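Worth saying up front: this structure is predicted, and the values here are computed from it rather than measured.
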Amino acid sequence: MHPRIEDYALIGDEQTAALIGRDGSIDWLCLPRFDSGACFARLLGDEENGHWLLAPKGAEGPCTRRAYRPDTLVLDTEWDTPEGSVRVTDLMPQRDRAPDVVRIVEGLSGRVTVRSTLRLRFDYGSIIPWVRKADGHRVAVAGPDSAWLRSEPPVRTWGEHFRTHAEFTVAEGERVAFVLTWHPSHDPRPPLVDPFRALDHSVVDWRAWAARCRYTGPHRDAVVRSLITLKALTYAPTGGIVAAPTTSLPEDLGGVRNWDYRYCWLRDSTLTLGALLSAGYQEEAEAWRDWLLRAVAGNPADLQIMYGLAGERRLPEYELPWLSGFAGSAPVRIGNDAVKQLQLDVYGEVLDSLSLARRSGLSSQPHMWSMQCSLLDFLRRAWRQPDEGLWEVRGGRRHFVHSKVMVWVAADRMVRTLEENPALRGDLEGWRALRDEVHREVCEKGYDPERDTFTQSYGSRELDAALLLIPRVGFLPPDDTRVTGTIDAVRAELGKDGLLHRYSTDTDGADAVDGLPGGEGTFLVCSFWLADALHMTGRTRQARELFERLVGLANDVGLLAEEYRVDAATGAGRQLGNFPQAFSHIGLVNTALALFGDDRAG
């Protein structure tokens with residue numbers, strides 16, 4: 001049986017990340033960056049596409065238990081066997097010159113025989129490297145990639161059928177460590193990391209970082225786990241935060257809704273910045289703000305919805321035919337053609353983020369205000385165009401209400417900044433006029449008075465969960481009947497099993513927006529938005545009940561994917577989409593802060 005998405009846990013070094021299954025197999029790892037080719041791609045194929053299994057000999061199926069060490073990204077996986085118990089501790093230490101994967105086997109009781117099977121397959125599982133021995137290590141080389149495997153203390157390894165095996169026995173208190181180190185094949189081997197010291201340092205460093213969290217309310221463990229996950233999805237050299245460390249995990253099992261999320265989306269900017277600042281992580285918030293400024297620099301007309309880890313603009317989409325896809329969900333895609341789309345909402349999200357950064361006291365950048373003015377000047381000329389909208393639909397452009405609301409946000413934040421900072425220069429009256437014009441048009445063309453709700457786009461009868469953000473961004477006050485009407489309509493029409501779809505995928509004809517076959521699960525961040533909206537409109541009890549349910553959807557180690565679906569026949573639920581998903585964890589943090597932060601945050 002193919003593993004489920006929620007069967008995986010995450011380790012990482014803030015430049016890349018690995019997914020480890022309940023069976024002790026690392027099934028996904030891209031080296032040296034999040035967006036590099038995977039050397040373990042079993043997640044999207046089979047064992048021959050690369051993985052690293054480390055478990056008791058003869059063990060089949062899941063471990064007995066597993067958990068992160070509290071307030072860290074260090075994972076302990078344990079098995080109880082007839083011969084005794086054993087623990088495997090997995091981590092990726094903070095990087096010096098090269099990425100390392102450290103796996104430490106420790107005997108807990110009895111004497112347990114453990115087996116390691118390493119299949120390295122570079123370039124997303126397509127290239128089998130040449131493996132040799134050197135200085136007591138196993139060295140794998142293919143083209144630009146090289147990886148070194150060693151153990152401390154040394155254990156016997158052997159090659160068989162393009163795999164590297166090791167087998168050894170540990171008694172109670174004994175430890176054996178494996179270290180896999182990647183580096184460019186033309187460079188000499190980097191310095192060796194001490195695996196046991198790396199473990200100690202990683203635990204201390206992660207706990208010191210987690211201790212900075214100011215939130216002290218209910219479900220603090222879930223909030224801290226979400227913040228650690230966001231930290232793990234940060235590309236430390238630039239401050240960019242990837243949407244997820246994976247590509248092509250399906251939104252529809254067996255379907256084609258499989259996308260590459262190993263990039264940085266501008267749509268996440270304000271919500272990410274708000275979560276980091278409110279939780280006490282100003283340094284990380286400033287790094288994200290600085291990445292944002294570098295990424296969007298240039299002609300405002302060329303603003304993209306997403307960028308690479310360092311702000312790269314070219315992210316061409318192509319398919320990998322040799323990978324069968326997660327649970328047969330093909331195609332497997334690399335890159336993302338949505339980068340070419342026009343999404344007017346990103347201008348609002350960028351300007352909202354920069355306004356929030358200024359109000360929060362982040363250090364100012366000398367060019368920031370002139371860049372903001374240029375972005376709004378472009379938006380003044382372009383805002384009447386249809387676009388592809390927040391959800392990157394591939395069914396054609398239209399006048400999405402959320403996009404127009406975010407145009408209003410852009411103008412509103414610039415007006416407020418100028419009013420609060422008279423030393424700055426700008427077209428105050430012109431920006432006020434733009435704000436008023438956009439507001440008037442959205443209320444006239446984007447609102448259906450018969451059903452008392454805003455709609456997904458002008459003239460459409462469809463709804464969109466992004467409309468729940470209307471009170472949050474200040475477009476209308478929470479007690480406006482158009483806001484409460486929209487919340488109730490979205491909840492009724494897009495709700496499923498108490499959660500929310502982002503929009504309907506069942507619509508045919510002119511109202512069909514995404515241009516793709518099949519459906520998808522409920523969208524977790526939208527359900528967090530619903531909790532926020534309920535709280536803002538005075539229905540805090542319902543909001544807290546929904547939040548409790550959402551927290552309960554995380555897997556056994558506290559991670560959330562993009563979507564969730566309940567099987568109609570069995571009633572069992574499962575996670576869908578790329579994993580773990582930054583947007584879902586940002587939603588968890590922000591909703592916890594909204595519901596409980598006012599009176600319980602330090």
Identify, with sequence neighbours excluded, every residue that meets side chain to side chain contact (heavy atoms under 4.5 Å, CB included) alongside E284. W209, R212, K231, L276, Y281
Ignoring hydrogens and angles, state whether a donor on the side chain of R95 or Q15 is under 3.5 Å from an acceptor on the partner side chain. yes
Cut-off 3.5 Å, side chains only: do W52 and S116 have a donor facing an acceptor? yes
Distance check, rounded to the nearest 0.5 Å: L180 atom CG versus S151 atom OG? 12.5 Å
Qualifying residue for salt bridge (Lys or Arg N to Asp or Glu O under 4.0 Å) with D556, from R22, R65, R225: R22
Kindly assign one of parallel, tilted or perpendicular to the pair F178 and F168, based on the angle between their ring planes and the thresholds 30° and 60°. tilted
As a quick check of understanding, evaluate side-chain contact (heavy atoms from CB on, under 4.5 Å) for I128 and R121, giving each step before the final call. CA-CA 5 Å; I128 301 174; R121 301 291 187 267; 3.6 Å; yes
Can you check whether L323 reaches Y124 side chain to side chain, under 4.5 Å on heavy atoms? yes
Go through the steps for R175 and E106 under the test salt bridge (charged side-chain N to carboxylate O under 4.0 Å, His left out), then give the verdict. CA-CA 4 Å; R175 294 195 298 179; E106 181 179 2; 5.3 Å; no
For the residue pair M92 and L29, establish whether any side-chain heavy-atom pair is separated by less than 4.5 Å. yes
Run the side-chain contact (heavy atoms from CB on, under 4.5 Å) test on V179 and L192 for me, step by step, so that the C-alpha distance in whole Å, both residues' side-chain angles and the decisive distance to 0.1 Å come before the verdict. CA-CA 9 Å; V179 181; L192 302 180; over 6 Å; no
May I have the list of side-chain donor-acceptor pairs in residues 580-589 shorter than 3.5 Å, sequence neighbours left out?
{"from": "S584", "atom 1": "OG", "to": "A561", "atom 2": "O", "distance (Å)": "2.7"}
{"from": "H585", "atom 1": "ND1", "to": "S226", "atom 2": "OG", "distance (Å)": "2.8"}
{"from": "H585", "atom 1": "NE2", "to": "L560", "atom 2": "N", "distance (Å)": "3.0"}

Does the side chain of E548 pick up a donor-acceptor pair with the side chain of H219 at under 3.5 Å? yes
Between atom OG1 of T522 and atom CD of E563, what is the distance when rounded to the nearest 0.5 Å? 7.5 Å
Just by distance, no angles: are the side chains of N258 and S329 close enough, under 3.5 Å, to form a donor-acceptor pair? no
Does the distance from a Lys or Arg side-chain N to an Asp or Glu carboxylate O, for E312 and R294, drop under 4.0 Å? no
Report yes if some heavy atom in the side chain of V88 is under 4.5 Å from a heavy atom in the side chain of D76; otherwise report no. no
Run D35 and R262 through salt bridge (charged side-chain N to carboxylate O under 4.0 Å, His left out) and show every step you take. CA-CA 6 Å; D35 57 353; R262 298 171 300 157; over 6 Å; no
Could you go step by step and tell me if V131 and L149 meet the side-chain contact (heavy atoms from CB on, under 4.5 Å) rule? CA-CA 10 Å; V131 180; L149 175 70; over 6 Å; no
Please determine, by modelled atom types, if R119 and H51 share a side-chain donor-acceptor pair under 3.5 angstrom. yes
Could you tell me if the side chain of R66 sits less than 4.5 Å from the side chain of E78, heavy atoms only? no
What I want to find out is whether D252 reaches R565 closely enough, with some N-O distance under 4.0 Å, to be called a salt bridge. yes
Looking only at atom types and distance, does a side-chain atom of Q575 sit under 3.5 Å from a main-chain N or O of L559, one as donor and one as acceptor? yes
If we ignore angles and hydrogens, is there a donor and acceptor under 3.5 Å between the side chains of D27 and S25? yes
Donor-acceptor pair between T157 and R138 side chains, under 3.5 angstrom: yes
Can you tell whether the side chains of E167 and R115 come within less than 4.0 Å, N to carboxylate O? yes
Exercise: identify the closest heavy-atom pair between L315 and V339: CD1-CG2, 4.1 Å
Step through the shown structure and confirm whether more than 12 heavy atoms of other residues, nucleotides or ligands are within 6.0 Å of CH2 on W130. no
Answer whether the closest heavy-atom distance between the side chains of F122 and L31 falls below 4.5 Å. no
What's the separation between atom CG in N336 and atom CH2 in W265, rounded to the nearest 0.5 Å? 5.0 Å
Does a side-chain heavy-atom distance below 4.5 Å link Y261 with V242? no
Any side-chain donor paired with an acceptor under 3.5 Å for D145 and S185? no
Does atom CD of E60 have more than 12 heavy-atom neighbours, drawn from other residues, nucleotides or ligands, at distances under 6.0 Å? no
I want to check something: taking the side chain as every heavy atom from C-beta on, are D135 and R189 in contact at a cut-off of under 4.5 Å? yes
Evaluate whether atom CZ of F162 has more than 12 neighbouring non-hydrogen atoms of other residues, nucleotides or ligands under 6.0 angstrom away. no
Atom CG of D13 and atom CG of D96: how far apart are they, to the nearest 0.5 Å? 11.5 Å
Roughly how far apart are R333 CZ and E317 CD, rounded to 0.5 Å? 5.5 Å
Beyond-backbone contact of V112 with T81, side-chain heavy atoms, under 4.5 angstrom: yes
Out of curiosity, R197 CZ to S202 OG, how far, rounded to the nearest 0.5 Å? 12.5 Å
Any salt bridge between R267 and E392, counting N to O under 4.0 Å? yes
